[in-house]
Amino acid sequence: MSARNREIHLASRPQGWPTAENFRLVETDVPKPGPGQLLVRNRYMSVDPYMRGRMNDVKSYVPPFPLDAPLDGGAVGEVVASEAEGFAPGDWVLHGLGWREYALVDAGSARIVDPDLAPVTSYLHVLGMTGLTAYAGLLEVAGMKPGETVFVSAAAGAVGSLVGQIAKLKGASRVIGSAGSAAKVERLRALGFDAAFDYHDGPVRQSLKVAAPEGIDVYFDNVGGDHLEAAISALRLHGRAAICGMIAQYNDTEPPAAPRNLALVIGKRLTLRGFLVGDHGALRGQFVREMSGWLRDGSIGYDETVVDGIEHAPEAFLGLLRGENLGKMLVRV
């Protein structure tokens with residue numbers, strides 16, 4: 001075991017788009033576990049859009065990242081030393097202290113995962129928070145019913161690609177996805193989306209009208225902005241939108257322009273509902289049972305974009321914000 005540990009610290013708070021200068025690679029001593037703790041050698045870590053909000057010093061549903069300290073986020077790794085009952089060296093665990101090579105984890109915050117049941121990386125997305133976000137947002141928050149038409153933005157991302165596939169498995173009559181390149185559009189079609197379009201090819205509202213001329217019933221929003229405005233116009237009577245993220249405005253320095261057609265929410269009796277995956281933990285057992293079955297029988301496919309090296313974690317995060325990933329963006333630590 002190395003005597004040194006490398007971590008990525010938040011060096012400064014970004015103004016607008018983050019840059020490499022907002023991060024710092026720091027070497028520290030490898031910590032030793034105390035009672036009830038594990039020392040974990042991280043092998044993979046996740047970078048996610050919500051982390052951009054935590055880089056700002058503002059009150060939110062999750063505390064901001066402190067300056068001059070390691071960032072955190074989902075990670076999976078091997079226990080190298082344990083002072084906690086039920087955990088032994090060699091166990092693979094899922095926890096929330098990514099952005100570092102070695103993590104000192106309280107046992108109550110770690111969950112053992114089985115690498116023989118599924119690839120360990122899958123516990124960071126399709127079998128983890130990402131998958132539950134897609135499942136709960138579509139089925140519980142938006143209340144999708146068989147026969148409905150579903151529109152998903154950022155549909156080639158980790159959450160969006162699962163939303164579209166789950167919608168088809170649950171009986172949606174038509175699933176439409178928006179993505180940021182021709183290659184991503186083709187991937188969505190291969191995953192079973194009935195229609196997909198590149199939002200760079202023209203106004204989202206027009207592209208959605210072509211893809212869903214009779215309108216939509218459910219919108220799963222990862223983007224906000226012009227996508228949300230287009231969805232409001234396309235939603236039918238009693239349509240629902242699950243608001244998962246608004247990455248289009250995360251790096252704005254000025255207040256975003258709200259959709260200009262919000263008045264349609266009234267006459268159409270629409271429901272626009274924001275949600276956090278943490279509110280839907282009661283669904284975890286049901287989600288894992290269904291998702292595991294879909295993975296075993298090949299009903300669900302997923303993609304990973306993997307960047308090597310803890311020193312390249314900031315690049316992976318910035319690439320995620322620019323839409324350079326297909327599926328889940330991961331760092332091999």
Side-chain angles (χ1 to χ4, degrees), residues 4-29 31 42 44-75 95-106 109 124-125 129-130 133 153-154 157-159 180 221-228 243-258 274-279 305 307-325 328-333:
R4 301 296 287 170
N5 180 30
R6 294 190 299 168
E7 307 172 335
I8 301 295
H9 288 206
L10 184 63
S12 59
R13 301 200 183 278
Q15 301 297 315
W17 281 84
T19 67
E21 286 67 37
N22 297 126
F23 303 89
R24 183 182 298 118
L25 179 66
V26 176
E27 280 200 3
T28 64
D29 292 330
N42 287 335
Y44 293 91
M45 56 165 273
S46 173
V47 293
D48 300 283
Y50 80 88
M51 294 174 176
R52 174 61 187 88
R54 294 190 65 193
M55 296 178 75
N56 298 329
D57 189 12
V58 296
K59 185 176 180 180
S60 184
Y61 62 89
V62 62
F65 292 126
L67 290 175
D68 301 314
L71 293 87
D72 58 64
H95 63 89
L97 294 179
W99 294 86
R100 66 204 81 186
E101 290 176 324
Y102 289 89
L104 192 61
V105 182
D106 291 334
S109 302
L124 288 171
H125 51 97
M129 181 182 72
T130 301
T133 298
S153 58
V159 172
D221 189 15
N222 292 301
V223 172
D226 57 350
H227 280 75
L228 179 56
I243 312 298
C244 179
M246 294 191 176
I247 196 170
Q249 62 193 52
Y250 286 171
N251 298 301
D252 288 349
T253 56
E254 298 295 329
F275 74 101
L276 300 176
V277 65
D279 297 336
T305 301
V307 173
D308 281 309
I310 187 69
E311 68 276 17
H312 295 130
E315 296 171 34
F317 176 67
L318 298 178
L320 172 77
L321 296 181
R322 292 190 293 262
E324 295 173 1
N325 57 301
K328 182 67 175 176
M329 180 72 91
L330 298 169
V331 177
R332 185 183 289 114
V333 179

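Since the model is a prediction, treat every value here as computed from it, not as a measurement. When reading the values below, keep in mind they use all heavy atoms of this one structure, side chains included, and skip hydrogens, waters and symmetry mates. If you read the sequence from its start, that first residue is 1, and numbering goes on from there.
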In the structure I gave you, are the side-chain heavy atoms of [X] and [Y] within less than 4.5 Å of one another anywhere?
X	Y	answer
Arg100	Asn42	yes
Pro14	Thr19	no
Val62	Arg54	yes
Arg4	Asp29	yes
Leu71	Met51	no
Leu25	Ile8	yes
Lys328	Asp48	yes
Phe275	Thr133	yes

Heavy-atom closest contact ([X] atom, [Y] atom, distance):
X	Y	result
Val331	Gly309	CG1-O, 3.5 Å
Ala11	Glu21	CB-O, 3.9 Å
Asn22	Ser12	ND2-OG, 2.9 Å
Pro64	Arg13	CB-NH1, 4.4 Å
Gly98	Ala75	CA-CB, 3.7 Å
Met329	Gly319	CE-C, 4.1 Å

Query raised in the report: Of all residues at least two apart in sequence or in a different chain, which pass the side chain to side chain contact (heavy atoms under 4.5 Å, CB included) check with Ser109?
Result: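 If we apply the side chain to side chain contact (heavy atoms under 4.5 Å, CB included) test to Ser109, skipping adjacent residues, the hits are Val105, Asp106.
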
Measure the spacing between [atom1] of [X] and [atom2] of [Y] and express it to the nearest 0.5 Å.
X	Y	atom1	atom2	result
Tyr50	Met55	OH	CE	12.5 Å
Glu101	Glu27	CD	CD	8.0 Å
Asp221	His227	CG	NE2	8.5 Å
Leu276	Ile243	CG	CD1	12.5 Å
Arg52	Phe65	CZ	CZ	11.0 Å

Report task. With sequence neighbours excluded, tell me which residues meet side-chain hydrogen bond (donor to acceptor under 3.5 Å, both in side chains) with Glu315. Result ->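 Scan of Glu315 (side-chain hydrogen bond (donor to acceptor under 3.5 Å, both in side chains), adjacent residues dropped) gives none.
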
N/O donor-acceptor pair under 3.5 Å between [X] side chain and [Y] backbone:
X	Y	value
Asn325	Thr305	no
Glu7	Val26	no
Asn222	Ser153	yes

Report task. Sort and list the pairs that fulfil salt bridge (Lys or Arg N to Asp or Glu O under 4.0 Å) and have at least one residue in residues 59-71, not counting sequence neighbours. Result -> Arg24-Asp68

Query raised in the report: Would you call the rings of Phe23 and Trp99 parallel, tilted or perpendicular, where under 30° means parallel and over 60° means perpendicular?
Result: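 Rings of Phe23 and Trp99: parallel, under 30°.
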
